[in-house]
Amino acid sequence: MRELASGLQLEGHGSHMEFLDEELRNYIIAEAKTILQIRDSEPQLPKTLPNFFSQVRRIEDDDLKFLMEEKIKNPLYLGNVRSGSKELKTSIHVDAREAIPHHILIPATTGRGKSNLVKVMLWELMGIENIGMLVLDPHDEYYGRNELGLKDHPNQEKLRYYSPDTSNIHGVESLRINLKSIKPEHFDGIVEFTDAQRDALKRYHNTHRKEWISAIIREEEIDGVNPRTLSVIKRKFDNILGIYAENGQIKSRGSVFKTDAGESTIKSIIKSLEDGEIVIIDTSKLTGEAELLVGSIIVGAIFNKYQKYKAEGILEEKPIIGIVIEEAPRVLGKEVIERQGHNIYSIIAREGRKFNIGLVAITQLVSLIPRTILANMNTKIILGNEMSQERAEIIASASQDLSDDNRTIASLDRGEAIVTSVFTKFAVPIKIPLFDEHVKDKINKREKPPLLSLEDL
């Protein structure tokens, strides 16, 4: 009858026809999935269904008291709980000392708020003790050179910023790395070398030690290395490091890799990380390979140190170390690992949690990362993604069942996310604040004088 009435109305017959009791007869059917059961204010995984004809209502902040920040030892704020398009007052935190060594993955397409989320996380981490973060910043956006950024945090003593460009900015430290700090293994999985070229690198390092790169640039021949192989390596070093020879002297085209400066840079960065500080490396003026090489040198050094600390039984006394890496498939991608072998980043993805070192990996293309590595990313902050293949990979590796949330992930707006983690009882939809608003709110609360009580008066 409804089809008949609507058809007649569509064709212009009975323009005054109305549906009887339209408010009662037309309704939306919703499917509900039980995700959590709360008894005596404690959350439990559900074992039974709700009673027949149970009442249904929207979630409220009082229902989420078990998520209170006070119950988490080292709370890292991610955002507020979101119910549909409504943002609640309840905030979502994970224990930073647990979540970071077990790795965090942030997948999303462009423009969904990945950088904004990382800024918010780093701002919050600057207020947590005993956590060091190395941030490889390819867009120079986290420090806030010309805008609001981490430089505006009250705990400035916990921030270190290295950049090739030290002009017109206070607090920047010069990013200069001496060639003597580089070892052949730092190129593993970063720069593609043939077996003969890798063998040549090791031979030169064994023969010339800290001067091995200079010896290659000068084309000093050694037994067992073909001159053609040497010539190819020299050309690659020129492209990546900007190092060349002129009249027997080693010279630099770039501003980062040097023969006469930067001998203490790596040691200073490692010390800052071991002191639980945030270290931002501005790599915006470096090539992709040079950026990853800088990270490889630093991460390799800290990983070796933490392996030693574990052997000595003093690892638990040291800060947690996190490494923020953008465009993660460059070092964690299937093709990269298959073609060039494992690098320090993929080693940390597989073994880092044993040594309290973790990755915060940011990517648009989750499908390029092997599932064995995705399985080790135990916290995923999923922002909007319209590519079905990417959503399928994200859902397949999630810590909770997101099989019914495929379209939900596609429709997530900027700043909306789903947090799925082994450290949460269920997948939580959140709203991430805009960094500028979050910072201004934090600063205003800090500067606002406390209210005086009657006793004070």
Side-chain angles (χ1 to χ4, degrees), residues 73-74 76 94-106 118 121-122 125-126 128-136 158 160 181-190 265-281 292-326 328 330-332 336-337 340-362 369-380 397 399 421-423:
K73 289 183 180 178
N74 303 281
L76 171 59
V94 292
D95 190 321
R97 289 186 64 84
E98 288 184 342
I100 290 175
H102 285 79
H103 312 304
I104 298 173
L105 180 71
I106 302 175
V118 176
M121 290 172 62
L122 290 173
L125 283 166
M126 285 186 69
I128 302 177
E129 295 296 324
N130 294 320
I131 295 181
M133 296 294 295
L134 174 67
V135 185
L136 299 175
K158 194 177 175 178
R160 295 289 179 271
S181 303
I182 305 175
K183 298 177 181 178
E185 57 265 28
H186 293 149
F187 293 95
D188 290 348
I190 306 297
T265 302
I266 300 301
K267 289 181 181 178
S268 298
I269 292 173
I270 298 301
K271 184 181 183 305
S272 294
L273 292 172
E274 286 198 72
D275 288 341
E277 296 173 352
I278 309 289
V279 180
I280 300 175
I281 310 292
L292 296 176
L293 178 61
V294 169
S296 179
I297 296 168
I298 300 168
V299 175
I302 197 72
F303 186 66
N304 291 337
K305 269 204 164 188
Y306 270 50
Q307 280 182 315
K308 182 182 176 184
Y309 292 150
K310 184 176 178 66
E312 295 172 352
I314 59 173
L315 181 62
E316 296 307 315
E317 302 171 12
K318 302 297 179 179
I320 298 292
I321 303 293
I323 299 128
V324 177
I325 177 75
E326 298 211 22
R330 292 182 298 165
V331 287
L332 300 177
V336 173
I337 294 173
Q340 301 182 38
H342 283 284
N343 51 64
I344 188 62
Y345 302 98
S346 63
I347 290 170
I348 286 176
R350 292 181 293 117
E351 303 176 20
R353 66 178 178 274
K354 302 174 188 174
F355 305 101
N356 287 343
I357 302 176
L359 297 177
V360 178
I362 306 166
I369 301 174
R371 288 196 174 182
T372 50
I373 289 180
L374 288 177
N376 284 319
M377 301 279 178
N378 288 320
T379 297
K380 296 178 178 68
S397 63
S399 299
S421 172
V422 296
F423 304 110

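Everything numeric here is computed off the predicted structure, so don't read it as measured data.
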Are K310 and N356 side-chain neighbours, meaning at least one heavy-atom pair lies under 4.5 Å?
no
Determine whether K305 and I270 make a side-chain contact, defined as any pair of heavy atoms from C-beta on separated by less than 4.5 Å.
yes
Using only atom types and a distance under 3.5 Å, with no angle test, would you say the side chain of K380 pairs donor to acceptor with the backbone of S397?
yes
Any donor and acceptor pair, going by atom type alone, linking the side chain of H186 with main-chain N or O of I182 inside 3.5 Å?
no
Verify, without hydrogens or angle tests, whether N74 (side chain) and A96 (backbone) share a donor-acceptor contact under 3.5 angstrom.
no
For E129, I'd like to know if atom CD has over 12 heavy atoms of other residues, nucleotides or ligands within 6.0 Å.
no
Taking C-beta and beyond as the side chain, do L359 and I104 meet within less than 4.5 Å on heavy atoms?
no
What verdict does the side-chain contact (heavy atoms from CB on, under 4.5 Å) test give for I323 and V135, after you've listed the backbone C-alpha separation in whole Å, the side-chain angles of each residue and the deciding distance to 0.1 Å?
CA-CA 6 Å; I323 299 128; V135 185; over 6 Å; no
For E274 and Y309, does a side-chain donor sit closer than 3.5 Å to a side-chain acceptor?
yes
Roughly how far, to the nearest 0.5 Å, is the CZ atom of F355 from the CG atom of L315?
8.0 Å
When you compare the side chains of R353 and N378, does any donor N or O come within less than 3.5 Å of an acceptor on the partner?
no
Looking at side-chain heavy atoms only, is the closest gap between I131 and P319 below 4.5 Å?
no
Is there a side-chain contact between I362 and V324, using heavy atoms and a 4.5 Å cut-off?
yes
d(S421 OG, L105 CG) to nearest 0.5 Å is 12.0 Å
N/O donor-acceptor pair under 3.5 Å between R97 side chain and K73 backbone:
no
Out of curiosity, I320 CD1 to H102 NE2, how far, rounded to the nearest 0.5 Å?
9.5 Å
Quick one: does D188's side chain get under 4.5 Å of I344's, heavy atoms only?
no
Is the side chain of Y345 donor-acceptor paired with the backbone N or O of A328 at a distance under 3.5 Å, no angle test?
no
Heavy atoms from other residues, nucleotides or ligands near CZ of R350 exceed 12 (cutoff 6.0 Å)
yes
Polar side-chain atom of K308 near backbone of F303 as donor-acceptor pair, under 3.5 Å:
no
Side-chain donor or acceptor of H103 paired with backbone N/O of N376 under 3.5 Å:
no
I'd like to know if the side chain of S346 and the backbone of H342 have a donor-acceptor N/O pair within less than 3.5 Å.
no
Side-chain heavy atoms of V299 within contact of I348, under 4.5 Å:
yes
Might you work through the side-chain contact (heavy atoms from CB on, under 4.5 Å) test for L293 and I297, ending with a clear yes or no?
CA-CA 6 Å; L293 178 61; I297 296 168; 4.2 Å; yes
Checking L136 against I280 for the side-chain contact (heavy atoms from CB on, under 4.5 Å) test, could you report, in this order, the C-alpha distance in whole Å, the side-chain angles of both residues, the deciding distance, and whether it holds?
CA-CA 6 Å; L136 299 175; I280 300 175; over 6 Å; no
In Å and rounded to the nearest 0.5 Å, what is the CD1 to OH distance from I314 to Y306?
10.0 Å
Just verifying a value: how many Å separate M121 CE and M133 CE, rounded to the nearest 0.5 Å?
6.5 Å
Rounded at 0.5 Å granularity, tell me how far CD1 in I281 sits from CD1 in I269.
4.0 Å
List the atom of I302, the atom of I321, and the distance in Å for their closest heavy-atom pair.
CG1-CG1, 4.3 Å
pair M377-L332: side-chain heavy atoms closer than 4.5 Å:
yes
Decide, yes or no, whether a salt bridge links E277 with K158 under the criterion of side-chain N to carboxylate O below 4.0 Å.
no
